[in-house]
Protein chains: 2
Amino acid sequence: MTTPTLDVFQVIGDPSRRKMLMLLSEDSLTINSLADNFDMSRPAVSKHIKILYNAGFISIQDIGRERYCTLKQDGFKELQHWISYFDKFWTTKLKKLETLLNNKLSN
Amino acid sequence: MTTPTLDVFQVIGDPSRRKMLMLLSEDSLTINSLADNFDMSRPAVSKHIKILYNAGFISIQDIGRERYCTLKQDGFKELQHWISYFDKFWTTKLKKLETLLNNKLSN
DNA sequence: ATAATAAGTAACTTTAAGGTTACATAAAAG
DNA sequence: CTTTTATGTAACCTTAAAGTTACTTATTAT
């Protein structure tokens, strides 16, 4: 199962991985306890975890034979940055419309 | 070219579509003028536009035989909502750590 | 009317993501 | 030390996204 290197956008494109992030937002979980929440095989979950890890969405602490997954901010920051670019776009667009309207009214 | 119905996360998972959104954040563009910015064929661009449209990222105004694409907020809002959930996660996590630390110090 | 331009549609191909099963490894428990 | 449990890895299969070319439709220009 060759793990592809995906960018943060592709990573959250998969519904299963989004669900994993949601679950981990409630609690740190081991691979197996995460897998309990999915229909897919455990190796499949394992692969998703690797992808989330590589993209900086989670960190992993090995405790004995178990691996605890915890949310990590790095991956999210890239997304926030992208979104905030468009946030700015909308607010400046709104301002431009306001200015335009004001000019119209004062004619 | 059957157009798949993709959710907003899958939609921005594609680098070409993200580039299209970036280009449209500078100006409204026709399909052809958009296509000039890409290596792929015009029908391929056309398909991406349809996907962006279906997911609420752009609106389209037909002017004669041309179609002008303009950014639309709907698609972005879903993303913002998802991101903001995790934003909250991080801030509350920080608060919890602060409280914990304060309690430790006052012992 | 005819040619050129803008764009959509149909049919098809390729590729890689996402899944599977089978096997390997390492830690904990009996 | 043998067994069970937690996980990783390898080899493989399936499917759908993303691209292609060829053709159609509709508007504009000559």
Side-chain angles (χ1 to χ4, degrees), chain A residues 1-24 27-70 72 75, chain B residues 1-24 27-70 72 75:
Chain A
M1 203 186 290
T2 322
T3 310
T5 309
L6 307 175
D7 64 63
V8 289
F9 299 94
Q10 286 174 287
V11 167
I12 64 156
D14 184 275
S16 303
R17 287 194 288 265
R18 287 202 301 279
K19 189 176 169 186
M20 288 178 188
L21 293 176
M22 280 294 171
L23 289 166
L24 292 174
D27 222 338
S28 291
L29 294 169
T30 63
I31 312 276
N32 269 343
S33 48
L34 248 178
D36 289 342
N37 298 279
F38 295 88
D39 275 342
M40 69 185 91
S41 68
R42 211 234 349 111
V45 172
S46 208
K47 195 188 92 183
H48 282 305
I49 291 298
K50 201 170 189 177
I51 290 170
L52 287 169
Y53 176 79
N54 286 336
F57 283 97
I58 61 171
S59 61
I60 301 178
Q61 304 114 251
D62 293 20
I63 300 183
R65 63 185 161 185
E66 292 180 313
R67 316 195 75 198
Y68 279 85
C69 305
T70 310
K72 192 176 159 192
Chain B
M1 204 186 293
T2 323
T3 310
T5 310
L6 307 175
D7 63 62
V8 289
F9 298 94
Q10 285 173 288
V11 167
I12 63 156
D14 184 277
S16 303
R17 286 194 289 264
R18 287 202 302 279
K19 188 176 169 186
M20 287 177 189
L21 293 176
M22 280 293 170
L23 288 166
L24 292 175
D27 222 338
S28 292
L29 295 169
T30 63
I31 312 276
N32 268 344
S33 49
L34 249 178
D36 289 342
N37 298 278
F38 295 87
D39 275 342
M40 69 185 93
S41 67
R42 205 219 12 97
V45 172
S46 208
K47 196 188 91 183
H48 282 305
I49 291 298
K50 202 170 189 177
I51 290 170
L52 287 168
Y53 175 79
N54 286 336
F57 283 96
I58 61 172
S59 63
I60 302 178
Q61 303 113 253
D62 293 21
I63 299 182
R65 62 185 162 184
E66 291 180 311
R67 317 195 75 198
Y68 279 86
C69 304
T70 309
K72 193 177 159 192

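This is a predicted model, so every value here is computed, not measured. Sequence lines set the chain letters: A, B, ... in the order given, protein chains first and strands last, and positions in each chain run from 1.
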Practice task
Using heavy atoms to find the nearest nucleotide of DNA chain C for A:R65 and A:R17 separately, return the residue whose nucleotide is more 5′.
Solution key: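 Nearer the 5' end of the strand: A:R17.
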Gap between atoms [atom1] and [atom2], on [X] and [N] respectively (whole Å):
{"X": "A:I58", "N": "D:dT7", "atom1": "CD1", "atom2": "P", "answer": "12 Å"}
{"X": "B:D36", "N": "C:dT5", "atom1": "CG", "atom2": "P", "answer": "14 Å"}
{"X": "B:L52", "N": "D:dA18", "atom1": "CG", "atom2": "P", "answer": "11 Å"}
{"X": "B:I49", "N": "C:dA6", "atom1": "CD1", "atom2": "P", "answer": "16 Å"}
{"X": "B:L29", "N": "C:dA6", "atom1": "CG", "atom2": "C1'", "answer": "15 Å"}
{"X": "A:D39", "N": "C:dT20", "atom1": "CG", "atom2": "C1'", "answer": "14 Å"}
{"X": "A:H48", "N": "C:dG18", "atom1": "NE2", "atom2": "P", "answer": "6 Å"}
{"X": "B:I12", "N": "D:dA18", "atom1": "CD1", "atom2": "P", "answer": "13 Å"}

Practice task
Return yes if the base of D:dA18 and the side-chain atoms of B:K47 contain a donor-acceptor N/O pair under 3.5 Å, otherwise no.
Solution key: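 Side chain to base: pair found, below 3.5 Å.
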Exercise for the section: Would you state whether a donor and an acceptor, one from the side chain of B:R42 and one from the base of C:dA7, lie under 3.5 Å apart? Expected result: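 Present.
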Practice task
Establish, with yes or no, whether the OP1 or OP2 oxygen of C:dG8 is under 4.0 angstrom from a side-chain nitrogen or oxygen of B:S46.
Solution key: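 Yes, because at least one side-chain N or O of B:S46 sits under 4.0 Å from OP1 or OP2 of C:dG8.
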Exercise for the section: Return no unless some side-chain N or O of B:N32 is found under 4.0 Å from OP1 or OP2 of C:dA7. Expected result: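 Yes, B:N32 has a side-chain N/O under 4.0 Å of OP1/OP2 on C:dA7.
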Problem - A:K19 side-chain N/O to A:N37 backbone N/O, donor-acceptor pair under 3.5 Å - result: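 Yes; at least one donor-acceptor contact below 3.5 Å.
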Handout entry: Nucleotide nearest A:I51 (side chain, heavy atoms from C-beta), chosen from D:dG8, C:dT21, C:dG18
Key =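 Out of D:dG8, C:dT21, C:dG18, the nucleotide with an atom closest to A:I51's side chain is C:dG18.
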